[in-house]
**Student:** 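First, the structure itself, so that you have it in front of you.
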Amino acid sequence: MDIRKIRQDFPILQEGGGKKPVVYLDTACQSLRPRSVVEAVSQYYLQETACAGRSMHRLAAEVSRSVDQSRAALAKFFNAAKKEEIIFTRNTTEGINLVANSLGLKAGDVVLISDKEHNSNLIPWQIQAKKQGVVVKIIPSRPDNTFDLAAYETLLGPSVRLVSLGYTSNLDGVSIPASEIIKKAHQNGSLVLLDAAQTAPHRSINVKALDVDFLALSGHKMLGPSGMGLLYGKYALLERLDPFLVGGETVASSTYTTCEFLPPPEKFEAGLQDYAGIAGLGAAVKYLQGIGFDAIQKQETLLNECITNEIKDIPGLRLIGPADPKLRGGIVSFYIENIDSHRIALMLDQMAGVMVRSGQHCVHSWFESHQIRGAVRASLYFYNTLEEAELLIGSLKKIRKVLG
Amino acid sequence: MFCIVAFIVLSILGIFSASNRELARESLDCVLRRVTLRPCNTGFDEKMKAKILGVVITRSEGAAIFLNRNFELLSWTFFVLLLASSIWTIRGVVLFYTTGSCNGANSSAFCVFDPSGSNNEVSTSSSQVCSMPVPAKFLTARLKNIDLDLFPTLKNGSSQKIVMIACYHCEYSRKAYPMIRDLVKQFKVDLAFLHYPVKESTDYFSRVSYCVNKLEPDKFWTFNDQMFSGDAMELDDPAYLNGLLTSVGLDAGQVNACVADPQTETVVKEQMQEIVKTGFFGTPTVFIQNQVLVGPKPYRVYAIALEGLLYWLK
């Protein structure tokens, strides 16, 4: 993988023009976009502006074909059985909400989640608990924040209707043993929903091999456009699910009192879709395939090891998650005792143009329970270089020295 | 304390930049919290501190360490300095309005509102150089023990009297004189005119002035007004001066005869001695109430000295 060449695909990383260089270490929030994705999006607006599946003219046919191609490409990318198992959403949050509201959960049904879920995979279940009487149970992690299979098995009782877990944590980059979790859930008669927002950009996901029932992800973390995501669901399950958002494009016909819903995925895709976003997401997975996940993981591990080894001995610095960087993918989360995480992030940007995330990263529940005010998160991707990692390290050491 | 300083600074910067305007809004929120004795929990001070440290650290780690350790103290220091400079600025504005100089009456130190110092320029009595700064020791000029009856006086029946020392050839006197005349007209006060030839090599024009007032006191002020209008260089032309005397109804021959009279020389010398006794530095010097105004001030300064700040209501 020629990083120098790859970086040329990302206009924002280009130096010159008197601008301060950008050291972008916030991919876990959203990734940068290569030129091909931006071009795919702009092509829709400049040359293919039309409604798919409604109008009969040439432009509409082109958009329909483009949407269909993207759906097929994404199905292939995740090894879905058929392209109709891919439902376009705005993001992971919408995908999880769709399942939460369509699964027909009843009072007493148990939903298992982990103790470090993103709010996207916590709040929808809290609402179900309030509205439907669903019981939400929390699987505690091990002390090093890795998944505790034993605790999971203990909680996996007969009432567990759904196991909804973040595949890879946005807090610390730790991935769960998904295959094993899914196998045990199915043995228990439970369904499994995976929040793959932080997984899909970094490693290959084979939904058929995983045998996962639902999988939600966002495009904006995997080079795709903002406001574009998808929900994978086994077709048989999708057929049984009630639609969440309804209206235009979801029905074959309607009377004043009744309607006939289209089969999946259309019955879940209400209203005019983000055709530009769909085309952009198709271009994004094509770009990722070109890079290859082996190369991506290799680069992320290299950078994570470099950063971890250099910062772990900074006085007062505490890494979140396991000590072994190989278990944390592209994420290095840490806090320095008695120093506000936002201050560190602002100083990193100001002094070196290093952009990291600070705060509680939408995992307030975990921070509250651990009584930690916040953390700094550097999230790495294949376009980051060792020089950038060293800049982060050097700047952090300086900050530590100055802030005492 | 930092947010107060930041609010003032950012408000000024915000005039030119939208991003600073946004920060100014944040700092205002912080200020409002502080003045209502609530904690500033907007994170504004933290954010700004981090940004400042981020810049300083790239230049000097030592300075960044010092700044971090003493941030609150430095904030207070800047606040006090800001407060002091604000008070100083307001004082300067008030002084400029009331005296024509940011630094107080007749001060020729730099004033941003009058960068050329035109309000304090004088023709000096000690040399022929104009525009010299007025030394403080000359500001002690007083009218005590001066016999003003020796000089032409315009009487309006007022208890207030303006005394003006001026020179027909001094460009600053020529600038101030019309304003003094307007002032006298508007507020009906008495005016004594003391001619002192700072720009002239002889006392010839002082003699002319004396003689006109001696011969035709009713026509003196018309004559005086004419002397201060037009081009000062023309006054040196005898034909022009004779024409001017004639135009205001005076007998030029009679005036010239008076000028040549040795008795006139004696009186004028006496006048000069009286003027010198005032301790004045140059022309124009105007005495209003107990104030001495040196140099051509704006009209409002003379009016304020005479009638106070609310002169425009009268």
Side-chain angles (χ1 to χ4, degrees), chain A residues 15 18-26 311 314-317 334-361 364 367-368 372-378 387-388 390-404, chain B residues 1-7 9-10 13-14 16-31 33-34 38-78:
Chain A
E15 290 179 22
K19 281 185 178 176
K20 204 172 171 181
V22 168
V23 180
Y24 192 77
L25 303 180
D26 197 16
I311 69 168
I314 290 178
L317 187 142
F334 61 88
Y335 60 96
I336 301 177
E337 284 169 358
N338 302 320
I339 299 179
D340 183 64
S341 61
H342 295 309
R343 186 187 289 186
I344 296 171
L346 278 165
M347 286 182 72
L348 284 171
D349 181 17
Q350 203 70 41
M351 60 195 283
V354 175
M355 291 164 194
V356 293
R357 174 92 179 256
S358 55
Q360 300 193 334
H361 317 301
H364 301 85
F367 280 94
E368 293 299 323
I372 298 171
R373 284 180 62 199
V376 176
R377 182 185 70 191
E387 289 80 9
E388 290 180 329
E390 280 160 9
L391 198 57
L392 169 71
I393 294 160
S395 303
L396 267 178
K397 286 180 177 173
K398 272 189 185 178
I399 289 172
R400 183 68 190 89
K401 191 176 167 189
V402 165
L403 298 185
Chain B
M1 200 43 57
F2 174 76
C3 56
I4 296 175
V5 181
F7 171 63
V9 174
L10 291 167
L13 293 176
F16 310 103
S17 136
S19 60
N20 284 323
R21 223 168 293 148
E22 190 52 46
L23 288 172
R25 266 190 219 110
E26 282 185 45
S27 61
L28 174 63
D29 186 34
C30 187
V31 169
R33 286 178 171 278
R34 292 297 288 263
R38 288 177 295 165
C40 178
N41 58 3
T42 61
F44 172 78
D45 43 357
E46 273 297 319
K47 187 160 83 175
M48 294 309 291
K49 184 179 175 182
K51 282 192 169 192
I52 294 167
L53 281 173
V55 173
V56 176
I57 202 173
T58 56
R59 286 156 179 80
S60 163
E61 279 184 35
I65 291 168
F66 176 80
L67 181 63
N68 181 53
R69 285 185 186 156
N70 301 289
F71 195 78
E72 194 61 25
L73 178 70
L74 288 168
S75 296
W76 270 101
T77 307
F78 276 109

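Every chain is numbered from 1, with letters handed out A, B, ... down the list of sequences.
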**Student:** Does the side chain of A:Leu396 come within less than 4.5 Å of A:Val376's, by heavy atoms?
**Tutor:** no

**Student:** Using side chain to side chain contact (heavy atoms under 4.5 Å, CB included), reason through A:Leu25 and A:Val354 one step at a time and then give a plain yes or no.
**Tutor:** CA-CA 7 Å; A:Leu25 303 180; A:Val354 175; 3.7 Å; yes

**Student:** Mind checking the CE-CG spacing from A:Met355 to A:Leu392? Nearest 0.5 Å is all I need.
**Tutor:** 13.0 Å

**Student:** Just by distance, which donor-acceptor pairs between chain A and chain B come in under 3.5 Å?
**Tutor:**
| unit_1 | atom_1 | unit_2 | atom_2 | d |
| --- | --- | --- | --- | --- |
| A:Arg343 | NE | B:Glu46 | OE1 | 2.8 |
| A:Arg343 | NH2 | B:Glu46 | OE1 | 2.9 |
| A:Arg343 | NH2 | B:Glu46 | OE2 | 2.7 |
| A:Lys401 | NZ | B:Glu61 | OE1 | 2.9 |
| A:Val402 | O | B:Asn68 | ND2 | 3.2 |

**Student:** Counting only heavy atoms not in B:Phe78, do more than 12 sit closer than 6.0 Å to its CZ atom?
**Tutor:** no

**Student:** Please report the shortest heavy-atom distance between A:Ala352 and A:Val23, naming the atom on each side.
**Tutor:** O-CG2, 4.0 Å

**Student:** The criterion is side-chain contact (heavy atoms from CB on, under 4.5 Å); which residues satisfy it with B:Val56, sequence neighbours excluded?
**Tutor:** B:Ile52, B:Ala63, B:Ala64, B:Leu67

